[in-house]
Asks: 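Before we start, here is the structure in question, set down as structure tokens.
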Number of protein chains: 2
Amino acid sequence: MVTDSDSPLGPDELSARLGEVFDLVGPLYRRAQRKVEQYAPLQGLSVGVRAVLALLREHGSMTVPQMGRAQALSRQFVQRMVNEAAARGLVESAPNPAHKRSSLIRLTGEGAAAITALVAREREMLSQVGGDLTDDDITACLRVLTRMLEFLDDIDVD
Amino acid sequence: MVTDSDSPLGPDELSARLGEVFDLVGPLYRRAQRKVEQYAPLQGLSVGVRAVLALLREHGSMTVPQMGRAQALSRQFVQRMVNEAAARGLVESAPNPAHKRSSLIRLTGEGAAAITALVAREREMLSQVGGDLTDDDITACLRVLTRMLEFLDDIDVD
DNA sequence: CGCACATGACACCTTGGTTGTCATGTCTGA
DNA sequence: TCAGACATGACAACCAAGGTGTCATGTGCG
């Protein structure tokens with residue numbers, strides 16, 4: 001039967017259900033941002049700076065344009081966030097052997113401490129989401145979101 | 001065993017994995033927004049207006065404050081979107097038998113056509129996501145996102 | 001070498017969304 | 001029954017996230 005819940009969906013059912021996901025992602029994103037806003041400022045971190053620090057924490061040193069591409073943000077915006085972070089001493093630039101103008105950005109000790117502390121607090125908050133979510137649920141969720149992301153990957157920014 | 005993949009997670013594992021979800025939602029949201037813009041060249045419908053039309057399409061006529069509460073948005077913002085939609089003839093207000101000042105907002109034929117067409121185009125785009133996603137995957141995804149949204153809902157607005 | 005392209009810097013704009021305030025309308029209870 | 005608490009609409013000020021445009025400089029490649 002076409003509606004077997006554990007076999008891949010056809011295009012029609014798929015798009016209808018993905019539409020539901022889509023309708024949740026927007027509000028979720030914006031509300032999460034607001035929530036982060038009320039946690040992060042304690043350390044003086046804007047959402048953008050937070051994103052930059054988190055990226056560097058996970059991927060190590062990167063150039064500004066690399067970060068922009070990784071997060072689908074304009075390079076100019078990322079640059080602004082990096083400058084702001086640098087002004088607070090959370091981040092520093094190291095010469096890039098591969099490009100004189102485009103230096104590598106890396107976390108300072110202070111920056112690493114700040115983002116680690118912030119993530120810890122966010123986790124603490126998320127742990128209250130509770131409910132009856134299973135590991136499988138979240139794995140499936142990640143699968144879906146990742147697929148959508150892959151599909152959208154070919155968009156050009158900048 | 002604590003890590004049984006089909007039993008509810010404890011707070012620690014839960015928050016760690018939900019953190020992963022969060023990190024995907026941002027880029028996904030931004031990419032999707034751009035993709036929709038380029039694929040379905042918005043006939044002048046801002047995200048806010050789109051949300052209002054979608055709400056009315058799903059729930060029938062509502063008052064402005066009702067919509068605000070339904071979406072955890074400030075009533076003033078919803079009002080602005082409704083006014084904008086009304087100015088374009090997508091929506092009209094009917095007298096509310098239960099309240100003289102707060103009229104019921106409902107879709108016009110034009111509004112219904114516009115939102116239906118938009119949703120159809122979005123669906124068409126999403127149908128290309130393809131992959132091997134099952135109905136169960138998406139259901140789980142919706143469960144996760146809904147839980148997160150509910151959790152964030154207790155931010156009081158207005 | 002020359003030319004297309006990537007990068008940094010900086011200014012300006014748009015959009016989603018909130019907060020505040022005021023006047024008017026509605027409901028409830030002593 | 002009527003006073004005060006609360007809901008609504010209207011309008012304005014404000015904010016943060018993020019994009020766009022442009023210019024000068026640097027880099028890589030045919």
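Note that the coordinates shown come from a computational prediction; the quantities given were computed from them, not determined experimentally. Note on naming: letters A, B, ... go to the chains in the order of the sequence lines (proteins, then strands), and numbering restarts at 1 for each one. Just the heavy atoms: all of them, side chains too, but no hydrogens, waters or symmetry mates, feed the values below.
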Asks: Take the protein atom CG of A:N96 and the nucleotide atom C1' of D:dG26, then report the distance between them rounded to whole Å.
Replies: 12 Å
Asks: Rounded to the nearest angstrom, tell me the gap between atom CE in B:M81 and atom P in D:dA10.
Replies: 14 Å
Asks: Under a 3.5 Å distance rule, please check whether B:R123 uses its side chain to pair with a backbone N or O of A:G19 as donor and acceptor.
Replies: no
Asks: Would you check, one step at a time, whether the test side chain to side chain contact (heavy atoms under 4.5 Å, CB included) holds for A:V21 with A:V25?
Replies: CA-CA 6 Å; A:V21 173; A:V25 166; 4.1 Å; yes
Asks: When you measure only distances, ignoring hydrogens and angles, does the side chain of A:Q76 come within 3.5 Å of the base of C:dG8 through a donor and an acceptor?
Replies: no
Asks: Measure the distance from CZ on A:R50 to P on D:dA16 and round it to the nearest whole Å.
Replies: 18 Å
Asks: Between the protein and nucleotides 4-8 of chain D, list the N/O to N/O atom pairs that are separated by less than 3.5 angstrom.
Replies:
| residue | atom | partner | partner atom | Å |
| --- | --- | --- | --- | --- |
| D:dT8 | OP2 | B:R69 | NH1 | 3.1 |
| D:dT8 | O3' | B:S102 | OG | 3.0 |
| D:dT8 | O2 | B:R101 | NE | 3.2 |
| D:dT8 | O2 | B:R101 | NH2 | 2.8 |

Asks: Salt-bridged, B:R143 to B:D136, with N to O below 4.0 Å?
Replies: no
Asks: Would you kindly say whether A:T134 and A:D137 are connected by a side-chain donor-acceptor distance under 3.5 Å?
Replies: yes
Asks: What is the separation between atom CZ on B:R31 and atom P on D:dG18, rounded to the nearest whole Å?
Replies: 14 Å
Asks: What's the CG-P distance between A:N83 and C:dG8, to the nearest Å?
Replies: 9 Å
Asks: Could you state the CD-C1' distance from A:Q33 to C:dG16, rounded to the nearest angstrom?
Replies: 10 Å
Asks: Got a donor-acceptor pair under 3.5 Å from the side chain of B:R80 to the base of C:dT15?
Replies: no
Asks: Could you go step by step and tell me if B:M148 and A:L28 meet the side chain to side chain contact (heavy atoms under 4.5 Å, CB included) rule?
Replies: CA-CA 8 Å; B:M148 292 176 78; A:L28 179 57; 3.9 Å; yes
Asks: Run the ring-ring contact (aromatic ring centres under 6.0 Å, His included) test against A:Y29 and tell me which residues pass, sequence neighbours left out.
Replies: B:Y29
Asks: In plain terms, say whether B:R17 and B:E20 are close enough for a salt bridge, that is, a side-chain N and a carboxylate O under 4.0 Å apart.
Replies: yes
Asks: Give a yes/no on whether any side-chain N or O of A:Y29 is located under 4.0 angstrom from OP1 or OP2 of D:dG18.
Replies: yes
Asks: Has B:R30 got a side-chain N or O lying under 4.0 Å from the OP1 or OP2 atom of D:dG18?
Replies: yes
Asks: Calculate the interatomic distance between A:M67 atom CE and C:dG8 atom C1'; express it in whole Å.
Replies: 13 Å
Asks: Rounding to an integer number of Å, can you tell me how far B:I105 CD1 sits from D:dG9 P?
Replies: 7 Å
